[in-house]
Undergrad: 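Quick one: the structure is below, and I'll ask about it shortly.
One is the number of the first residue; the rest follow in order along the sequence. Here the structure is a predicted model, which means the values were calculated and not measured.
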Amino acid sequence: MTILPLTARPRALAHWLFVVAAMIVAMVVVGGITRLTESGLSITEWKPISGIVPPLNDAQWQAEFDHYKQIGQYEQLNQGMTLGGFKSIFFWEYIHRLLGRLIGMVFALPLLWFAVRKQIPQGYGWRLVALLALGGLQGAFGWWMVKSGLNHTRTSVSHFWLATHLMTALFTLGGIVWTMLDLRALAANHAERPARLTGLGAGVLVLLAVQLFYGALVAGLDAGLVTNQWPLMNDHFFPGVTQIGESPLHAALYDPAIVHFIHRWWAWVVVAGLIVLARKAKAAGDRRASIAIHSAFGIQILLGIATVMTGVNLHLAATHQLVGALLVCATVWGVHAVGRTR
């Protein structure tokens, strides 16, 4: 049983973590737009403090543009881009980085406040510090991702670094949602124990993680553009490899057609796991979690199909990423509900 000091405020902590989780969901969406608009390499330097202030005059804008002109994306794809065009891609990367800084502040400063006032229940302090550290690591992964594309040979970031960046964000989001749910339960019943991760819950999370990983590879390789058909891919069920002579492992990680194929059909394996999880969550007494899971994966599948059939429409693709983050939240909710049964 968690020892609850008289000064502890689990409900306030849960409300605070809800805000942080919502900001991370927004961050994931902005990150998706940044990738879709090829904006991620527009800021070529990492300035954690001074980078908060964007260019304020023509000379500063020109200096940023000149830095961008030194990399392969400009040299190979964007020759002739105007300063106005550069400003439009700079905007999304700047907002993405600014939001990351804001999330760090909204997490760190209240955490310090709660800690100083001894309002954190016993056993939760280390968890919150670990989540903060994971957020810091996420920022580092983001910079290493950008750095992977700052050369003369590449026109985009490494799809593996992109996957690492996204997966860390979603893992952090899941940890925050889980902790928020534990704190809400503790606020309602001071004798409540933290939920445990069951075998079923772990299995479904692994299935979903594979799907999210391949979604990131699809984004990084522009694999959504391989075909605009569903359920076939260019008039075939199995598209065939586009990089002849490579190993199956290479095809599964680097070949856009195969990566798209895996992401498309692994989704149904995930759906099967989610249906089982939703039924278990409902049986455990949390019907809302069951509804959230079914709604999220249903909408996500429709958005995925629509994104492919429209040639990766920006608005649909960004919404697909949004619902993907919400699906993580719903799945964690369901796993938590099952883990609370005794």
Undergrad: To the nearest 0.5 Å, tell me how far Gln300 CD sits from Ser295 OG.
TA: 12.5 Å
Undergrad: Is there a side chain to side chain contact (heavy atoms under 4.5 Å, CB included) between Val157 and Trp161 once you walk through the steps?
TA: CA-CA 7 Å; Val157 300; Trp161 273 117; 5.8 Å; no
Undergrad: Is a side-chain N or O of His294 found less than 3.5 angstrom from the main chain of Ser290, in a donor-acceptor match?
TA: yes
Undergrad: Any side-chain hydrogen bond (donor to acceptor under 3.5 Å, both in side chains) involving residues 213-230? Give me the pairs, sequence neighbours left out, ordered by first then second residue.
TA: Arg35-Asp222, Thr227-Asn234, Gln229-Asp235
Undergrad: Does the side chain of Trp46 come within less than 4.5 Å of Arg97's, by heavy atoms?
TA: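 Yes, their side chains come closer than 4.5 Å.
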Undergrad: Are the aromatic rings of Tyr254 and Phe160 close, with centres under 6.0 Å apart?
TA: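 When the ring centroids of Tyr254 and Phe160 are compared, they turn out to be within the sub-6.0 Å range.
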Undergrad: Starting from the C-alpha separation in whole Å, work towards a yes-or-no answer on side chain to side chain contact (heavy atoms under 4.5 Å, CB included) for Asn78 and Gln73.
TA: CA-CA 7 Å; Asn78 290 331; Gln73 186 180 81; 4.0 Å; yes
Undergrad: Partners of Gln211 by side-chain hydrogen bond (donor to acceptor under 3.5 Å, both in side chains), sequence neighbours excluded?
TA: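 So Gln211 forms a side-chain hydrogen bond (donor to acceptor under 3.5 Å, both in side chains) with His263.
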Undergrad: Less than 4.5 Å apart, any side-chain heavy atom of Val28 and any of Leu322?
TA: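 Not touching, per the 4.5 Å side-chain cut-off.
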Undergrad: Testing the basics here: between Ala317 and Val312, what is the closest heavy-atom pair and its distance to 0.1 Å?
TA: CB-CG1, 4.0 Å
Undergrad: Side-chain heavy atoms nearer than 4.5 Å, only ILVMFWY residues, links allowed to pass through others: does that put Tyr94 and Ile49 together?
TA: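 Shared cluster, no.
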Undergrad: So how far is it from Ile43 CD1 to Trp92 CH2, rounded to the nearest 0.5 Å?
TA: 13.0 Å
Undergrad: Would you name the heavy atoms of Gly100 and Met27 that are closest together and state the gap between them?
TA: CA-CE, 3.4 Å
Undergrad: Taking side chain as C-beta onward, heavy atoms only, is Ile262 less than 4.5 Å from Val210?
TA: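 Sidechains of Val210 and Ile262: no contact.
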Undergrad: Does the side chain of Arg11 reach to within under 4.5 Å of the side chain of Leu183, using non-hydrogen atoms?
TA: no
Undergrad: Is a donor from one side chain sitting under 3.5 angstrom from an acceptor on the other, for His260 and Arg264?
TA: yes
Undergrad: Less than 4.5 Å apart, side chain to side chain, heavy atoms only: is that true for Ser42 and Phe91?
TA: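 No, every pair of side-chain atoms sits at 4.5 Å or beyond.
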Undergrad: Grab the two heavy atoms, one from Ala318 and one from Ile33, that are nearest each other, plus how far apart they are.
TA: CB-CG1, 3.8 Å
Undergrad: Restricting to non-hydrogen atoms, name the atom on Lys47 and the atom on Arg101 that form the minimum distance, rounded to 0.1 Å.
TA: O-NH2, 2.7 Å
Undergrad: Distance-only, no hydrogens or angles: does the His159 side chain make a donor-acceptor pair with backbone N or O of Leu253 under 3.5 Å?
TA: yes
Undergrad: Starting at CE of Met180, measure out to SG of Cys329 and round the result to the nearest 0.5 Å.
TA: 7.5 Å
Undergrad: What do you reckon, is NZ of Lys87 surrounded by more than 12 foreign heavy atoms closer than 6.0 Å?
TA: yes
Undergrad: Could you state whether Leu131 and Trp113 fall into the same hydrophobic cluster, counting links through intermediate Ile, Leu, Val, Met, Phe, Trp or Tyr residues with side-chain heavy atoms under 4.5 angstrom apart?
TA: yes
Undergrad: Around Arg154, counting heavy atoms of other residues, nucleotides and ligands shown, do more than 12 lie under 6.0 Å from its CZ?
TA: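 Counting neighbours around CZ of Arg154, more than 12 heavy atoms of other residues, nucleotides or ligands fall under 6.0 Å, so yes.
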Undergrad: Report the residues that fulfil side-chain hydrogen bond (donor to acceptor under 3.5 Å, both in side chains) with Asp182, sequence neighbours left out, ordered by chain and then residue number.
TA: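 Asp182: side-chain hydrogen bond (donor to acceptor under 3.5 Å, both in side chains) contacts with Arg127, Trp178, His336.
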Undergrad: Nearest 0.5 Å, please: how far is OG in Ser156 from CG in Leu221?
TA: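 That separation rounds to 8.0 Å.
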Undergrad: Is the ring pair Trp144/Phe141 parallel, tilted or perpendicular, if the boundaries are 30 and 60 degrees?
TA: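 Rings of Trp144 and Phe141: tilted, 30 to 60°.
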Undergrad: Extract all donor-acceptor atom pairs below 3.5 Å that involve side chains of residues 53-61 and protein atoms in other chains or at least two apart in sequence.
TA:
residue: Asn57; atom: OD1; partner: Ala59; partner atom: N; Å: 3.2
residue: Asn57; atom: OD1; partner: Gln60; partner atom: N; Å: 2.8
residue: Gln60; atom: OE1; partner: Leu56; partner atom: N; Å: 2.6

Undergrad: Report the C-alpha separation of Asp255 and His250 in whole Å, then their side-chain angles, then the decisive distance to 0.1 Å, and conclude whether the side chain to side chain contact (heavy atoms under 4.5 Å, CB included) test is met.
TA: CA-CA 7 Å; Asp255 190 299; His250 183 279; 5.7 Å; no
Undergrad: I want to check something: taking the side chain as every heavy atom from C-beta on, are Leu181 and Arg340 in contact at a cut-off of under 4.5 Å?
TA: no
Undergrad: Please name all residues satisfying side-chain hydrogen bond (donor to acceptor under 3.5 Å, both in side chains) with Glu75, sequence neighbours left out, ordered by chain then number.
TA: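 Partners of Glu75 under the side-chain hydrogen bond (donor to acceptor under 3.5 Å, both in side chains) test: His152.
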Undergrad: May I ask whether Val206 and Trp268 are part of the same hydrophobic cluster, defined by side-chain heavy atoms of I, L, V, M, F, W, Y residues being less than 4.5 angstrom apart, directly or through others?
TA: no
Undergrad: Following the transitive rule for hydrophobic clusters with a side-chain heavy-atom cut-off under 4.5 Å over Ile, Leu, Val, Met, Phe, Trp and Tyr, establish whether Leu217 and Val308 coincide in one cluster.
TA: no
Undergrad: Checking side chain to side chain contact (heavy atoms under 4.5 Å, CB included) for the pair Val29/Gln321: CA distance, chi angles, key distance, verdict?
TA: CA-CA 6 Å; Val29 175; Gln321 187 134 337; 5.5 Å; no
Undergrad: Distance check, rounded to the nearest 0.5 Å: Thr198 atom OG1 versus Leu277 atom CG?
TA: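 The OG1 atom of Thr198 sits 8.0 Å away from the CG atom of Leu277.
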Undergrad: Between Trp16 and Val106 (side chain of the first, backbone of the second, donor and acceptor by atom type, cut-off under 3.5 Å), is there such a pair?
TA: yes
Undergrad: Would you indicate whether the side-chain heavy atoms of Phe114 and Tyr124 approach each other to under 4.5 Å?
TA: no
Undergrad: Please round to the nearest 0.5 Å and tell me the distance separating atom OG1 of Thr319 and atom CD1 of Ile299.
TA: 10.5 Å
Undergrad: Tell me whether Glu93 contacts the main-chain N or O of Thr34 through its side chain, where contact means a donor paired with an acceptor under 3.5 Å.
TA: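 No, because the side chain of Glu93 does not come within donor-acceptor range (under 3.5 Å) of the backbone of Thr34.
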Undergrad: Once side-chain hydrogen bond (donor to acceptor under 3.5 Å, both in side chains) is applied, do any residues pair with Thr153, and if so which ones, sequence neighbours excluded?
TA: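 Checked Thr153 against side-chain hydrogen bond (donor to acceptor under 3.5 Å, both in side chains); matches are Asn151.
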Undergrad: Would a distance-only check, ignoring hydrogens and angles, find a side-chain to backbone donor-acceptor pair under 3.5 Å from Thr310 to Thr307?
TA: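 Side chain of Thr310 to backbone of Thr307: a pair is present.
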Undergrad: Under 4.5 Å between any side-chain heavy atoms of Leu13 and Pro121, yes or no?
TA: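 The answer is yes; the side chains approach within 4.5 Å.
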Undergrad: Under 30°, 30 to 60°, or over 60°: which ring-plane class applies to Tyr74 and Phe65, parallel, tilted or perpendicular?
TA: perpendicular
Undergrad: Looking only at non-hydrogen atoms, find the nearest pair between Met167 and Ala209 and report the distance.
TA: CE-O, 3.4 Å
Undergrad: Which atoms form the tightest heavy-atom contact between Ile293 and Ala330, and what is the distance?
TA: CG1-O, 3.4 Å
Undergrad: Using the rule that Ile, Leu, Val, Met, Phe, Trp and Tyr join whenever any side-chain heavy atoms are under 4.5 Å apart, tell me whether Phe86 and Leu41 fall into a single cluster.
TA: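 Same cluster.
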Undergrad: Is the distance between the ring centroids of Phe213 and Trp266 less than 6.0 Å?
TA: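 No.
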Undergrad: Indicate whether the side chain of Asp66 and that of Gln70 have a donor and an acceptor atom separated by less than 3.5 Å.
TA: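 Distance-only check fails for Asp66 and Gln70.
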